[in-house]
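Single-structure report; data block below.
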Amino acid sequence: MNIILLGPPGAGKGTQARTLVETRKMIQLSTGDMLREARSSGTEMGKVVAAVMDRGGLVTDEIVIGLIREKLEGDKQGGFIFDGFPRTLAQADALAELLAEKSETLDAVIEMRVDDAALVARIAGRSTCGSCGEVYNDTSRPIPADGHCENCGGTEFKRRADDNEESLKVRLMEYYKKTSPLIGYYYAKGQLKSVDGLASMEDVEAEIAAILDA
Ligand code: AMP
């Protein structure tokens, strides 16, 4: 089973993807994570995309499609979760072609609905565990007082360079201009399902599970 998690930055795509990796042995393909990895390992491509990412813009379709193409060659286990990809109509078309080449299907596109005010609060206070990626938030889920990650016990926490108000404004604008048309695109294809991204993490998990089990 292959699915897309669609939604603006801070909608909770990464958190839900991590759950699906654990519960269904799916493989999370986050283009954001791949690009951050390319940056931190100092590859040529990483250097090219760094400034665009910091400002909150979108990296070229060619680069991200190339990253996804490579990953589709690997093990698929319980299927792929596309997290943060596609973000443009050109990427969506490319994904359809790549899946068709591999005789794979796209089984659901899950839109995570949230409002802008909630996104700003979620993102401005977001941090993640440096070891396992567990997500924390200064107001809704602070890092435990003993300084240890609840999931793995790790003691290092990171904040993303682009999780600031200025970059978030650009990221939201990019989402509405270039990514939100995908909602209509997948609706027209009969593949769109929506969940309330503002519900509790457990409720969102349950809603997604019900869609995948249907
Ligand atoms: P994310 O972790 O998904 O929020 O992505 C972080 C940043 O990586 C975005 O703000 C973009 O600069 C870049 N990025 C991630 N995925 C894509 C994509 N599919 N297309 C273009 N740029 C992307």
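Numbering of ligands and ligand atoms starts at 1, following listing order.
Under the 4.0 Å criterion applied to side-chain N and carboxylate O atoms, Asp138 and Arg159 are assigned as salt-bridge partners. Comment: Arg122 does not engage Asp163 in a salt bridge, judged by the lack of any side-chain N to carboxylate O separation of less than 4.0 angstrom. Between Glu174 and Arg171 there is no salt bridge, since no side-chain nitrogen of the basic residue lies less than 4.0 Å from a carboxylate oxygen of the acidic one. Under the 4.0 Å criterion applied to side-chain N and carboxylate O atoms, Glu101 and Arg69 are not assigned as salt-bridge partners.
Residues Tyr175 and Asp116 have side chains that never bring a donor and an acceptor to within less than 3.5 angstrom of each other.
Of all heavy-atom pairs spanning Pro142 and Thr139, the tightest one is CD-O, 4.1 Å.
Residues with a heavy atom under 4.0 Å from ligand 1: Thr31, Gly32, Leu35, Arg36, Met53, Gly57, Leu58, Val59, Val64, Gly84, Phe85, Arg87, Gln91, Arg160, Asp162, Arg171.
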